[in-house]
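Residue numbers begin at 1 in each chain, while the letters A, B, ... track the order of the sequences.
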2 protein chains.
Amino acid sequence: MNIHDLAKHLNISIGTVSRALNGRSDVSAETRKRVLDAARKLGYSPNQSGRSLRRGSTGMVGFMVIANRSRAVRGEAFFMTVFDGVQSVLAKHNLDLVIYYCGDEQSPETYVQRIVERGLVDGLIVSQTTRVDHRIDYLLQQNLPFIAFGRSQSGGDHSWIDLDFEGVAEESIDLLYRLGHRRIAVATTAGDVNYGFIYAEACRAALKRRGLELDDDLIIREAISEAGGYRVGERLLAMKQRPTGVVSVENSLAIGLYSKLKEAGVEPGRDIAVVGFDETPTFGLFLQPSLTRFRLALVDLGRWLGEHMAELIEAKRSGKAAPVAHKIWPLEMVPGASTIPLLSAAGGGETVALRPETKPARRVRRASETAGS
Amino acid sequence: MNIHDLAKHLNISIGTVSRALNGRSDVSAETRKRVLDAARKLGYSPNQSGRSLRRGSTGMVGFMVIANRSRAVRGEAFFMTVFDGVQSVLAKHNLDLVIYYCGDEQSPETYVQRIVERGLVDGLIVSQTTRVDHRIDYLLQQNLPFIAFGRSQSGGDHSWIDLDFEGVAEESIDLLYRLGHRRIAVATTAGDVNYGFIYAEACRAALKRRGLELDDDLIIREAISEAGGYRVGERLLAMKQRPTGVVSVENSLAIGLYSKLKEAGVEPGRDIAVVGFDETPTFGLFLQPSLTRFRLALVDLGRWLGEHMAELIEAKRSGKAAPVAHKIWPLEMVPGASTIPLLSAAGGGETVALRPETKPARRVRRASETAGS
DNA sequence: TTGTACGCGTTATCAG
DNA sequence: CTGATAACGCGTACAA
């Protein structure tokens, strides 16, 4: 079934069919109705290849996810939730979201290159950025709208969005400091993914502001998984001078950590303070004692991606300059029972008002819509 | 950059360029090398729309995931792992995997229809099947290779693969029965997704084989999430006659359940037996006491999907009949400390050899490659 | 308001 | 072994 068949069926020309389907004004109301009805009845939609070839654009936005690179391994709905937001916005702009999953065997750089060269998409979102990320260098020299989900040291000025690792680190360290903790470990991700470094360095800076030095031995890099968190626990417990608190860049780390600690009779909250990271609807809400963590509006983050991508594509279409945007996405602390005042704090922390909770927070919060730089 | 530009650059015709790039034999070795080198250097790949239009096929296989339908909520580790397997196999057949994420606002039926009508893919995998699933009815009457990931009552004979819910139910019930449990609750998913019903019915059958009736009150349907599991716990504890054991169709249910039980001072393993479902690398491995669960080779399942899809596409290409396959994917029990013999069992269970473990099983097992029917 | 005809980029056929 | 050319399905400029 193609446009010719449909035209023949209706005894009109393909030009008229095309105009009717594309909502052009120069077609009679009656003809339009006949065409639309017939198209629905016969199950006709314009062939995408023909349309793309003619139009020079595909109407597709790609979202590239990389296998086994940090967040992709997590047992939760991180990206799926983001897709939700992206999808809902793109739909309003008549754009389709397609997800490209870059498997283990192929290099992300080659993968991006193929997507671009073959003209598969009108715009691309690349996630899981590394410190040096050649995908970004490549995309910058192409003329394709793209957004990086995650910061990188690569490339020149381009649009990106990233979680507020600095803010989380500052709040996490601040909390532990006020509770009297002075020896604090940082659990972060191994591998080259950029946020592992950003988080560790932000923790270092937060400690420094309080006159504390972050010993390199206290930065524990492990794979982002419960198993990784378990190993974090092993390494913590093996230290000659055990830290009194741990902050971690990911909740799955905290989960594995809890497990190892409990095995060793070390009770989170009582014997050691633990701070997690992002809260998702189905993951880590039910740790006991409840985990101090941060609320993250992932659907809204996806919406931001969608909105900005639509802008970029529209700007390119109309020949305008690309509106580059940078966005740091805020998170909001949800205090739990895993961070309570030290009983025998050497420095003696001040009393902090906290509302530990054992049930999941249900309130949905729209992230503030502060403009990107 | 298109094929004309490249041909002009090399002072040869576009026909020769095309043949060289497509590995046809009727082109001299020297010319081929020149073409391939230039293509790489200039960053040229054939435009996908042009190629698809001419060839009548896209070389793409779609994998449709539905937002907020059961597994998708926690789904990433689940589906991403499957993608990995699919991807690796398709690559060998020069097919690309693209994931279509069907958001909340659009109907899965319309979504599938659009994908097919617009000719986006050469084959489609649809997941999260419902009991009545019009996508399957639709796909059957199209001439597009497709596989359902999940059984359905819809449609005629078509290829599908599904987890061995019956086997898991049988083994779970059998274990609890042998441990002396006689009042057993079944935690399953709410909503129309088919496997929730399959699992519950399989449990009912397994109980019946042992002379037990599954009271409808003991089938607890909740959303697949930790929060859902928490509510399962609430409902269990509210029962006048509390079950001594629970089996559940999903690990996240078990996690939330643990949480509620512990809150109430009911210790899993000691006071109530709990059986989970699939084990994933990053999810629920570290519950304490360790959860009895089932090992699932998801990457291999993905490989099966990829292999069979390649077969279907090849068959269609060569005009052969579609080789329909049905596959029940096996899982292997990993005993944990959440199922131990009842101290005060009324019926008194026999002693069962179990090897409770507290650490995650690391062994990677290739699922048996039994042929589909 | 509608029909005709061209070209988007590619691959395949056919002639040389 | 290579070059010229037709066709894939569509949207649109232009003619009617």
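- Comparing B/N11 and B/L53 by the nucleotide of DNA chain D whose heavy atom lies nearest to each, the residue mapping closer to the 5' end is B/N11.
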In sequence, state the C-alpha distance, the side-chain angles, and the governing distance for A/R114 and B/D96, and then conclude on salt bridge (Lys or Arg N to Asp or Glu O under 4.0 Å).
CA-CA 11 Å; A/R114 261 168 48 95; B/D96 281 306; 2.9 Å; yes
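- Residue-level contact check: A/I12 touches the backbone only, with heavy atoms under 4.0 Å from sugar-phosphate atoms and none from bases.
- Phosphate proximity of C/dT10 to B/N47: absent, as no side-chain N or O sits under 4.0 Å from OP1 or OP2.
- Salt-bridge annotation for A/D37 and A/R34: absent, with no side-chain N of the basic residue lying under 4.0 Å from a carboxylate O of the acidic one.
- In this structure, the side chains of B/H93 and B/M309 stay at 4.5 Å or more apart for every pair of heavy atoms.
- The interatomic distance linking B/R54 (CZ) with C/dT11 (C1') rounds to 5 Å, in whole Å.
- A donor-acceptor contact closer than 3.5 angstrom links the side chains of A/H326 and A/D157.
- In this structure, the side chain of A/D122 engages the main chain of A/G59 through a donor-acceptor pair within 3.5 Å.
- Counting heavy atoms from C-beta on, the side chains of B/Y101 and A/M80 come closer than 4.5 Å.
- Following rounding to the nearest Å, A/E30 (CD) and C/dT2 (C1') show an atom-to-atom distance of 13 Å.
- Counting any heavy atom pair closer than 4.0 Å across all strands shown, B/S28 reaches sugar-phosphate atoms only and no base atom.
- B/D26 comes within 4.0 angstrom of a nucleotide base, judged by non-hydrogen atoms across all strands.
- In terms of phosphate contacts, B/R51 brings a side-chain nitrogen or oxygen within less than 4.0 Å of OP1 or OP2 of C/dT11.
- Scanning atom types as modelled, no donor and acceptor separated by under 3.5 angstrom connect the side chain of A/R118 and the base of C/dG9.
- In this structure, the ring of B/F63 has its center less than 6.0 angstrom from the ring center of B/F83.
- Taking 4.0 angstrom as the limit, B/R24 places a side-chain polar atom (N or O) nearer than this to OP1 or OP2 of C/dA12.
- Of the candidates C/dA5, C/dC14, C/dT10, the closest approach to any side-chain atom of A/I14 belongs to C/dA5.
- In this structure, A/S52 reaches neither bases nor backbone, as no heavy-atom distance under 4.0 Å exists between it and the strands shown.
- A/H4 has its NE2 atom 12 Å from the C1' atom of C/dT4, to the nearest Å.
- Base contact: A/G15 has a heavy atom under 4.0 Å from a base atom.
- The span of DNA chain D lying next to chain A, judged by atoms under 4.0 Å from heavy atoms, is bounded 5' to 3' by D/dG9 to D/dA13.
- Summarising the geometry, the separation between CZ on B/R55 and P on C/dA12 is reported as 6 Å, rounded to the nearest angstrom.
- In this structure, of C/dG3, C/dT13, C/dT10, it is C/dT13 that holds the atom nearest to the side chain of B/R19.
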